[in-house]
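Encoded as structure tokens, the structure appears first; notes follow it.
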Protein chains: 2
Amino acid sequence: MQTLANVIRMPTPLVVRGAASAGVLEVLRKGEELFAEGDAADWFYKVMTGAIRTSKLLSDGRRQIGAFHLAGEIFGLEAGEVHRFTAEALAGATVLAFRRTCLELSAHDSEALREEVLASAIRSLDRAQEHMLLLGRKTAQEKVAAFLLDMADRMLDGEGPFELPMSRSDIADYLGLTIETVSRTLSQFTRDSLIRLPAASRWIELCNLHALRQLNVS
Amino acid sequence: MQTLANVIRMPTPLVVRGAASAGVLEVLRKGEELFAEGDAADWFYKVMTGAIRTSKLLSDGRRQIGAFHLAGEIFGLEAGEVHRFTAEALAGATVLAFRRTCLELSAHDSEALREEVLASAIRSLDRAQEHMLLLGRKTAQEKVAAFLLDMADRMLDGEGPFELPMSRSDIADYLGLTIETVSRTLSQFTRDSLIRLPAASRWIELCNLHALRQLNVS
DNA sequence: CGCAACTTTGAGAAGAGTCAAGACTGGTGG
DNA sequence: CCACCAGTCTTGACTCTTCTCAAAGTTGCG
């Protein structure tokens with residue numbers, strides 16, 4: 001189903017100025033795919049609102065989510081001609097799409113965008129390094145604690161419960177665990193009073209930051 | 001022992017033109033550290049000869065190697081003021097060092113270097129994505145098969161045995177396994193005639209590429 | 001309200017880790 | 001040139017974390 005996204009992209013693109021340069025705004029609904037592994041990589045994107053997951057699939061269905069991108073982050077830029085991972089909206093999201101060719105023009109129009117893109121690529125690489133350490137060397141408890149602290153840090157301005165934008169399955173595929181292990185670990189954290197799960201399963205409150213940070217070794 | 005490296009680095013830096021821009025050549029001996037996690041990130045590097053490993057350590061000593069960099073690859077560029085991982089030479093290696101400030105000058109001198117750096121960052125991100133999939137979702141056998149095929153592809157121009165530049169411990173820390181599991185998996189591959197280990201433990205020959213590629217799911 | 005999708009929980013299996021010992025390699029010095 | 005030693009690698013026995021399979025409990029959307 002291509003609704004708003006296409007309407008906006010095709011007849012008369014809605015060009016937004018600001019951020020860094022000109023871009024085309026796209027509105028995505030929950031679960032909607034922005035691009036898939038193997039698609040031509042003519043565009044790259046910046047998250048305006050909502051959250052995007054980027055993932056890779058093995059032929060037998062095993063999935064690894066490489067990152068959750070929140071507002072302000074740039075993603076989808078490729079070295080080759082095609083995208084090397086899939087990007088989907090976690091819930092509703094809006095993104096600004098940029099033609100990849102923008103970067104190739106040597107006009108200094110694109111100077112600012114270019115710098116933003118390089119900085120963003122380096123930050124993504126940083127995050128990827130950190131995530132490889134988590135995937136390769138941390139225990140299930142450490143992984144879940146790291147994830148919760150990271151999400152709270154990025155989504156929350158202070159204390160209190162907050163709503164995770166992703167399912168247990170997304171969390172599992174991000175942390176290299178199964179949904180059962182994620183669920184069991186959250187239950188254990190609840191029993192140990194590290195967190196509270198107030199009924200609706202995507203809401204969470206971190207109660208014992210100190211203990212969570214101890215689990216989140218570094 | 002600081003030999004050529006210091007001679008070159010200190011009195012009158014040997015400036016090399018070519019590649020993309022000016023750089024300072026450094027010679028590293030086996031195991032020598034180029035920079036550590038937390039060091040000021042005033043320089044970034046391009047591998048000229050040999051191989052470099054980049055890694056992160058947890059406080060209790062667990063280590064994750066993020067990448068092995070072979071000739072031609074750029075690494076060590078950071079978003080912040082300090083390096084977020086350690087870089088060490090696997091065996092002897094030479095690298096070209098660039099001042100990070102090169103990139104900040106808007107002169108079009110640095111245009112070409114800048115482009116090379118962005119391309120390199122994107123390629124690194126690509127590799128990181130692929131490696132996260134391996135770390136999070138592949139079995140020990142699949143990890144080792146993927147590693148062997150990748151190394152053979154990067155180090156070898158065709159058939160025949162080749163010498164891995166890294167120890168079992170490096171391989172284990174790269175694949176998120178223990179050295180025992182790496183060793184057992186290589187032994188199993190040998191029993192199954194997928195590879196041959198001709199005495200000297202770092203030499204290896206891939207005998208059954210077809211079977212290895214089947215293990216290396218994608 | 002009802003059903004599909006998601007989440008939790010349990011029991012058992014298995015892949016990879018740990019601990020321990022022995023073999024091999026490669027470099028050093030006699 | 002050979003012997004020795006430290007470091008590296010392999011192998012074995014056993015443990016344990018996490019996965020798998022199964023079922024019951026929730027949630028939330030239509």
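A, B, ... follow the sequence lines: proteins, then strands. Residue 1 opens every chain.
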Next item on the list: Ignoring backbone atoms, establish whether A/Thr139 has a side-chain N or O less than 4.0 Å from OP1 or OP2 of D/dT17.
Entry: no
Next item on the list: Would you mind reading off the distance between B/Arg137 atom CZ and D/dT20 atom C1', rounded to a whole angstrom?
Entry: 13 Å
Next item on the list: Starting from the 5' end of DNA chain D, give me the residue, A/Ala200 or A/Gly176, whose nearest nucleotide shows up first.
Entry: A/Gly176
Margin query: Without decimals, in angstroms, what is the distance between B/Ile204 CD1 and D/dC9 P?
Written below: 12 Å
Next item on the list: Kindly say if A/Thr178 contacts the phosphate of D/dC19, meaning a side-chain N or O under 4.0 Å from OP1 or OP2.
Entry: yes
Margin query: Of the options D/dT20, C/dA20, C/dT7, whose atoms approach the side-chain atoms of A/Glu180 most closely?
Written below: D/dT20
Notebook entry, point to check: Between B/Ser201 and A/Met166, who's closer to the 5' end of DNA chain C by nearest nucleotide?
Noted result: A/Met166
Check: Does OP1 or OP2 of D/dT11 have a side-chain N or O of B/Ser187 closer than 4.0 Å?
Finding: yes
Checklist line | Atom pair CD1 (A/Ile65) and OG (A/Ser169), whose distance is rounded to the nearest 0.5 Å | finding: 7.0 Å
Check: Do the rings of A/Tyr174 and A/Phe68 sit parallel, tilted or perpendicular, given the 30° and 60° boundaries?
Finding: tilted
Margin query: Rounded to whole Å, please give me the gap between CD1 in A/Ile179 and P in D/dC19.
Written below: 11 Å
Next item on the list: Using a heavy-atom cut-off of under 4.0 Å over every strand shown, decide if B/Ser167 touches base, sugar-phosphate, or nothing.
Entry: sugar-phosphate
Next item on the list: Figure out the CG/C1' separation between B/Leu177 and C/dT18, and round it to whole Å.
Entry: 14 Å
Next item on the list: Could you grab the distance from atom CZ of B/Phe44 to atom CG of B/Leu96, nearest 0.5 Å is fine?
Entry: 9.5 Å
Item checked: Gap between atoms CD and P, on B/Glu142 and D/dC19 respectively (whole Å) -> 14 Å
Margin query: What is the distance, to the nearest angstrom, from the NZ atom on B/Lys138 to the P atom on D/dC19?
Written below: 17 Å
Next item on the list: Nearest whole angstrom, please: distance from the C1' of C/dA16 to the CD of B/Gln188.
Entry: 14 Å
Next item on the list: Let me know the distance between CZ of A/Arg184 and C1' of D/dC21, rounded to the nearest Å.
Entry: 11 Å
Note to self: Nearest 0.5 angstrom please: B/Leu186 CG to B/Gln141 CD, how far?
What the structure shows: 11.0 Å
Item checked: From D/dC19, D/dG12, D/dC9, nucleotide with atom closest to A/Thr181 side chain -> D/dC19
Next item on the list: With rounding to the nearest 0.5 Å, note down the distance linking CG in A/Leu209 to CD1 in A/Ile195.
Entry: 12.0 Å
Check: How do B/Val182 and A/Ala140 order along DNA chain D: which one's closest nucleotide is nearer the 5' end?
Finding: B/Val182
